[in-house]
Amino acid sequence: MPNTQAPVKPPASRPWQAEPLSDVLLELDSSLEGLSELEAARRLAETGPNELNAKPPRTLAQMAREQLTDPMILILLVAAVLSALLQEWAEAGIIFAIVVVNAVIGIVQERKAQSSLEALRSMSAPEARVVRDGMEMVVPARDLVPGDLVQLGDGSMAPADLRLVEAAGLRMQEAALTGESVPVEKDASAVVLPGAPLGDRSNMAFATAIVTAGRGAGIVVATGMGTEVGHIAGMLEGDEELDTPIKRKLASFGKILTIVGVAAALAVLAVGLAYGRPFAPLLLLAVSLAISVIPESLPATATITMALGVQRMARHEALVRRLPAVETLGGATVICTDKTGTLTENRMSVVRVSLGPDLDRDEALEPAEALEEHPDLFGYLAFAAVLCNDAAFAPAEEGASGAQAFIGDPTEGALLVLARDNGIDPTALRSTYPRLAERPFDSDRKRMSTVHERDGEIVAAVKGAIDSLLPRCAFIMDENGPRPMTDEDRARALAVAQRLSDEALRVLAFATRALPGVPGDVEDIERDLVLIGLVGMMDPPRPDVRQAVETCRTAGVRTVMITGDHASTARAIGRELDIFRPGDLVVTGAELDEMDDAALDEAARNTSVFARVSPLHKLRIVRALQHAGEVCAMTGDGVNDAPALKAADIGVAMGITGTDVAKDASDMILMDDRFTTIVYAVREGRRVFRNIQKVVSFLVADNVAQIVVLLTAVALNWNAPLTAVMILWVNLATASLPALALGVEPASRHIMEHPPMRVNNLLDGPLARRVIFQGVFIAALALVAFVIGQNAGSYELGCTMAFGVLGFSQVLRSLNQRSATDPVWDREGARNRQLGLAAAASIALMLVVLLVPPFIDAFGGTTMDLGQWALVVGFALLSVVQTEIAKAIGRWRARR
């Protein structure tokens, strides 16, 4: 019995797998009899419960404060206050309403968001079988302490990190933690290198891993946050939320607008005062100008545009949890994807069969081909594969994804599917040949044998690794039955196995033997066997992924595989999916550990496959790509993917096979687990960004026009060509509705043939110059109309004509803002009915103000005659003509 001295809490990073079991027991002051109840209670008081830290939820006040301190929202609040000071109550009310709606949407999204740690906690086993005071008992998993002896059985979940002391045919499914699709065989007697990846630590059982076969026992070496799952929880807890590209762009744009608005207002004040104009009217004009610079409808339009994108993506099985994620994925330059369950189907499948007569072929056959060429021999293979097998079909034949559901080891389940899919009923075969005896699989023998009987005939079925099974075979099954095996037969069988292994396939050999009776010693079964053949198994790639990868490449988006699987397997899958190409590199986790940040930055740019990696490696890779200026999307489904999902610019989790942890750490969930859905999401994201950019171009050109009109008038010591209420009306009546309609513009059919947008602001380079020129041109038209009206009648008529030119130009120009290249009459057949309705509504609002005397009087204008109306409409149409000429010149330059 161990002493009762209180132990020192073991460090979380201690390499327990590298220490002999005796040293582990000594270090933890434990034994194979477990702890006493008294000692367990003392340790629990010292180490704390076996559970993960919970991050306190954010309060509504915290969420509201974050929403209201967004730069664009602050600008809107300033605009609302200024509108109220000007006694423009309708405008102030509308702006405040926009602020409230935007905040509510953000808070609702926040409430649905981060619960990663809660999901991790829910994955912990609620109870554990432990040995205390020499007796086995069941205790709450949260009461486990380092040094406890835990028993593991078929189907149970490891409640903490364990150093195994016993492993009888023990295999554990660790895919959610390591990314490997095949259960790991455990060996309690092994001593593993200190730096071995999680998937290679065969003497350890990690919290949340599930026993798929056998039984075992282990000493608890880490609990709660000290476990490998706890390390992941710590990464999630400490990783701050990143701004998305659209947030950064809107924030930057908001700052620019603030500076421009304040500068324009101050310029109007300064120049006006220099001319000796009255201060109060001048202040009113300056404040109106400052408000006009702020596109009040932009935050709402951007939010609505992204929300509609979310709805469209939901109809295509992509559930977006955060609105900005739509635009972010559209700007992605790299998609870092997990292999198991994302690129592959997360199930083992027999893809190659080599029967006795085919061992001299250059390539093994597909199962259907083998059945067609050798139906009798295939029957022998199915006989051994089904009978020497502990898996069973589940009662409900259809699993969640539509695939055959089974209970047990995925490899054995794949053998049942092989038989069933080729016309052999596993259940009927087992009924015909009931099992009489067995010798289970173990890591030393690398074989499994069973004995069966039918009508007095006793037969044995054996499966195992080729290097273990072949020496025990004296015969090989041919078309005419068993014949003696030659050295050439053995060499051919080994060559076939090597070729299959080189293709990253898992190879199993099958044999049979007729017995005179049930042997007294089952060890006598495995001799003088008849080799039937070999099968190659793999977790197959999803059939539609290759085309999705090619589409991403055409769109300038690089696909990088990041997996916990072995390098050879990852390379083979990557080559088949065209992710890995000649000249590309495969970097393993061990190699990555040797790299400093600079070397990793270089590797991240040129490596298409990262294999045998840990969660920390995934984080480093994602961050290295971000340091290089990439917009990084990360897909995954396991617990081990969660930190990288959260750190990436956008995290994409699998909805069917994904763990709750991965889903809650992600920005978007693929409800059908199809990689092709990501391609649609990229396309939709690009559409959203382009549409937001169109909205910004549309609004800013009008703002530029208003600034130029007022600054020119003040500089020339003219009376203001626009009244304050006219400025506000143009921004509300002729901008908001068309802007919303531009936000739902259909995507160009060429949208996935261009590289991702790499811009820091919403208006960069040629687009900014084009918008400024449009604004100046419209301003010139409005000033000319003002001068003509003032000279022909009065100051009020001049204001009315300038107001009409600005308002109608804005509405008509929305029609040719649909594309920066295509003419307004030819938009690739795509239609935007909403834009037509919005333009008609805006024109109607302008006509009400300009034709109904009470309204035009309230706006400080007057009525126009037919000739003046013709001039206003003609000038408005000229703004459309100017834009179309600019597009034509751009197309001509592109062709040259």
Side-chain angles (χ1 to χ4, degrees), residues 71-92 94-96 252-298 699-732 735 771-772 775-776 778-787 789-790 794-796 798-803 805-807 810 858-861:
M72 287 302 297
I73 298 301
L74 289 176
I75 295 173
L76 282 177
L77 289 173
V78 171
V81 171
L82 291 177
S83 297
L85 292 175
L86 290 170
Q87 297 185 348
E88 297 294 337
W89 305 115
E91 168 117 348
I94 291 173
I95 297 175
F96 274 123
S252 175
F253 186 62
K255 292 176 183 176
I256 293 172
L257 290 178
T258 302
I259 294 172
V260 170
V262 171
L266 291 177
V268 167
L269 275 174
V271 175
L273 291 174
Y275 279 120
R277 289 186 171 274
F279 177 75
L282 203 59
L283 177 62
L284 182 63
L285 183 64
V287 171
S288 299
L289 178 60
I291 295 174
S292 73
V293 173
I294 302 169
E296 294 90 344
S297 57
L298 180 58
L699 296 175
V700 171
D702 188 63
N703 292 341
V704 169
Q706 294 176 42
I707 291 173
V708 171
V709 165
L710 293 177
L711 287 179
T712 301
V714 171
L716 297 176
N717 199 22
W718 293 357
N719 290 325
L722 298 169
T723 64
V725 71
M726 286 178 178
I727 294 173
L728 299 175
W729 184 256
V730 167
N731 281 277
L732 281 177
V771 167
I772 292 173
V776 172
I778 295 171
L781 293 174
L783 287 170
V784 171
F786 171 72
V787 172
Q790 186 171 242
S794 63
Y795 166 70
E796 289 77 10
C799 288
T800 304
M801 293 182 68
F803 173 52
V805 169
L806 280 177
Q810 174 108 321
F859 275 67

For I727, the option from V709, L806, L722 that meets side-chain contact (heavy atoms from CB on, under 4.5 Å):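 In the set V709, L806, L722, the residue that makes a side-chain contact (heavy atoms from CB on, under 4.5 Å) with I727 is L722.
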So, for [X] and [Y], which heavy atoms are closest and what is the spacing to 0.1 Å?
X    : Y    : value
A735 : Q810 : CB-NE2, 3.1 Å
V700 : V771 : CG1-CG1, 3.7 Å
L710 : A720 : CD2-CB, 4.4 Å
V730 : Q706 : CG1-NE2, 3.7 Å
M726 : F859 : CE-O, 3.5 Å
P721 : A802 : O-CB, 4.0 Å

Validation: residues 778-787 side-chain donor-acceptor distances under 3.5 Å, sequence neighbours left out:
none

N/O donor-acceptor pairs under 3.5 Å from side chains in residues 260-277, not counting sequence neighbours:
unit_1 : atom_1 : unit_2 : atom_2 : d
Y275   : OH     : A715   : O      : 2.6
R277   : NE     : N717   : OD1    : 3.1
R277   : NH1    : N719   : OD1    : 3.3
R277   : NH2    : N717   : O      : 2.9
R277   : NH2    : N717   : OD1    : 3.4
R277   : NH2    : W718   : O      : 3.1

